[in-house]
Amino acid sequence: NQDDCWQGKCAKAAILAALATVLFCASFTEQMQSSPMALSSAQDNGMTLKNASLEIEIKKSDVPATTKSDPANDEAATNVAHDREATAWTSPFFVNSTDKEYRGRLQPIVLGKYKLIFFTVAKNGCSVWKMLFRRMEGYDDWNVQGTRLVHVKKNNGLKYLSSYSIEEANAFFNSPEWTIAMFLRDPFERFASAYLDKARKPMYMKRCCASLRMPDCAQIAASSPDGFFEVASRCRDNHWEPQSKRLSQKYWQKINFVGRFETLPNDAEKLLRRIGAWEEFGVSGWGANGTEHIFSEKASIGRKHATNAKDKYTQLLDPPASPLMKKLAYFYREDFTHPILNFTLDPNTSLTTEEREMLARNLGKLDRNSNQADAQMQAFRMAAAKWKPKQTLAAPVPTN
């Protein structure tokens, strides 16, 4: 009947519930027994099994207190960070896989046959340098001008530092046989060149303007050198950014050839003679008839912007005491205090403390402490003077 059926279902349900309880308890007990440490910890904290039910007691004294900052620990952490930075200067494994010089967009060009590592700097003749390097690598179209061919890595066929293993990269930088070169340019003239080349290109400037809350940004940049500075000082771009920011600090002390844009033809010849490439690639092949030296006045390839910037530099940026020149002196202040760049600043462009503070407030992102750049450079000079490699690795000559 229905009563017997109901009682049967209840009995089955009770049996299943009891079985589930037994299985749970057996499983839990087995886990606790398999881990003596866990069992001991459970017993110490008042955990017991009783009548197939679990009763957990938590002692208030076992709850950890809120962690407070320990000044000693903070100082130790700071010292560890400083030790790591110091190690970067002394370790034979100089190049790290995370360095922007190894993985970044502006990593150096490597010519293994000539044992040359070359850090290009925008607005310092880098287009012609890349054309030269393509010629040295044997490309028939080396003298074809074009941004996408010359400057795009996947198109120009040149090898960059990341083309080699981290071990090879370290060997290059630690070998005295390798030339590690860079060409630098007067910051004011370089700014004038950037203005002449980029300010009146709306599509280029709009890439900067996209991140700025500045109405009519592109029009302001094209209006005058002052307008261009208002935009450029708020937008990072390798065409006008201070040259002192081109490399991470530790890489500066590895540069063993510094050329000057102001004496570019002579310094380029010195570099090419040093690596044994002047007679074949520098002395001729340039200019309309292919008979000119590289970077000579008649070698028009790549020299148009340079000549215009030099000719218009005076009318754009004079007098030295003008408000724009003082702004530029502050914006490029680390270029003038850097021990390797070593540019000379006209005393008329020096800023008072009040002028520095005003510029720092107006430019927003710039540092308000007028002494910080000097302190940073002093620390850099001291570190560079003390640096000595622990060992020199043999530098393999890569196949090109």
Side-chain angles (χ1 to χ4, degrees), residues 81-112 114-126 129-130 133 153 158-185 187 190 236 238-239 241-261 267 271 274-275 332 334-343 373 375-393 395 398:
H82 288 168
D83 290 343
R84 287 175 179 170
E85 183 177 355
T87 301
W89 290 79
T90 58
S91 172
F93 297 99
F94 178 83
V95 181
N96 295 316
S97 60
T98 56
D99 291 350
K100 69 175 184 178
E101 288 78 6
Y102 187 73
R103 292 295 185 194
R105 184 171 54 90
L106 299 176
Q107 57 186 282
I109 296 171
V110 180
L111 283 83
Y114 299 93
K115 296 185 178 180
L116 173 66
I117 295 175
F118 192 96
F119 285 94
T120 58
V121 180
K123 307 311 303 172
N124 292 8
C126 63
W129 283 113
K130 289 178 182 178
F133 297 150
K153 293 178 183 177
L158 297 175
K159 289 189 176 182
Y160 293 80
L161 193 58
S162 63
S163 303
Y164 301 92
S165 69
I166 197 70
E167 292 79 13
E168 288 177 308
N170 275 287
F172 301 159
F173 274 95
N174 283 290
S175 171
E177 297 179 358
W178 279 67
T179 299
I180 304 172
M182 174 183 282
F183 273 71
L184 304 171
R185 188 176 189 178
R190 184 166 171 265
R236 294 191 62 178
N238 59 298
H239 289 88
E241 193 169 52
Q243 295 163 93
S244 55
K245 298 183 182 297
R246 174 64 179 85
L247 300 180
S248 302
Q249 235 184 36
K250 69 176 183 177
Y251 280 86
W252 281 108
Q253 46 85 22
K254 288 292 189 179
I255 300 294
N256 55 29
F257 186 97
V258 177
R260 296 287 176 178
F261 191 85
D267 288 352
L271 175 61
R274 176 170 172 169
I275 64 174
Y332 291 113
E334 293 184 19
D335 283 3
F336 291 104
T337 58
H338 197 283
I340 293 180
L341 274 67
N342 197 29
F343 292 111
Q376 290 174 343
M377 285 297 99
Q378 181 63 24
F380 170 71
R381 290 188 187 98
M382 293 175 63
K386 293 179 180 179
W387 183 88
K388 291 182 179 179
K390 288 186 176 179
Q391 76 179 79
T392 300
L393 301 180

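Reckoned from all heavy atoms, side chains included, excluding hydrogens, waters and symmetry mates. For the single chain, residues carry numbers from 1 onward in sequence order.
Residues N238 and K123 form no side-chain contact, since every pair of their non-hydrogen atoms from C-beta on lies 4.5 Å or further apart.
The cationic group of R246 does not satisfy the cation-pi geometry with Y251, failing either the under 6.0 Å distance to the six-membered ring centre or the 45° limit from the ring axis.
The CD1 atom of I166 lies 5.5 Å from the CG atom of N170; values are rounded to the nearest 0.5 Å. Taking CG of D99 as the reference point, atom OG of S162 lies at 12.0 Å (rounded to 0.5 Å). Once rounded to the nearest 0.5 Å, the distance linking CG of L341 with CH2 of W252 reads 4.5 Å. Summarising the geometry, atom CH2 belonging to W178 is positioned 8.0 Å from atom CG belonging to L116; distances are rounded to the nearest 0.5 Å. Rounded to the nearest 0.5 angstrom, L247 CG and M182 CE are separated by 4.0 Å. The distance from atom OG of S165 to atom OH of Y102, rounded to the nearest 0.5 Å, is 6.0 Å.
Using a distance-only test at 3.5 Å, with no hydrogens or angles considered, a donor-acceptor pair links the side chain of R190 to the main chain of A122. Side chain of R274 to backbone of T179: no donor-acceptor contact under 3.5 angstrom is found. Between the side chain of Q243 and the backbone N or O of D335 there is no donor-acceptor pair closer than 3.5 Å. Remark: the backbone N or O of S248 is paired with a side-chain donor or acceptor of E101 at under 3.5 angstrom.
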Practice prompt. Would you check, one step at a time, whether the test side-chain contact (heavy atoms from CB on, under 4.5 Å) holds for E168 with V110?
Written response: CA-CA 11 Å; E168 288 177 308; V110 180; over 6 Å; no
Practice prompt. Given side-chain contact (heavy atoms from CB on, under 4.5 Å), test V121 with F119 step by step and report yes or no.
Written response: CA-CA 7 Å; V121 180; F119 285 94; 5.6 Å; no
Practice prompt. Carefully, step by step, assess Y164 and F172 under the rule ring pair (Phe, Tyr, Trp, His ring centres under 6.0 Å).
Written response: CA-CA 10 Å; Y164 301 92; F172 301 159; 5.2 Å; yes
Worksheet entry | Working for side-chain contact (heavy atoms from CB on, under 4.5 Å), residues L161 and F173 | CA-CA 11 Å; L161 193 58; F173 274 95; 3.7 Å; yes
Worksheet item: Can you list the steps and then say if I109 with K159 is a side-chain contact (heavy atoms from CB on, under 4.5 Å)?
Response: CA-CA 6 Å; I109 296 171; K159 289 189 176 182; over 6 Å; no
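The two residues P108 and I117 have their closest heavy-atom pair at CB-CG2, 3.6 Å. Between I340 and R260, the closest heavy-atom pair is O-NH2, 3.7 Å. Nearest approach of K250 to Q253, heavy atoms of both residues: O-NE2, 2.7 Å. Taking both residues in full, the closest heavy atoms of F261 and G125 are given as CE1-N, 3.7 Å, listed atom of the first, atom of the second, then distance.
Within 6.0 Å of NZ on K153 lie more than 12 heavy atoms contributed by other residues, nucleotides or ligands.
Note on ring orientation: taking the six-membered ring where Trp is involved, the planes of F183 and F257 are tilted (angle from 30° to 60°).
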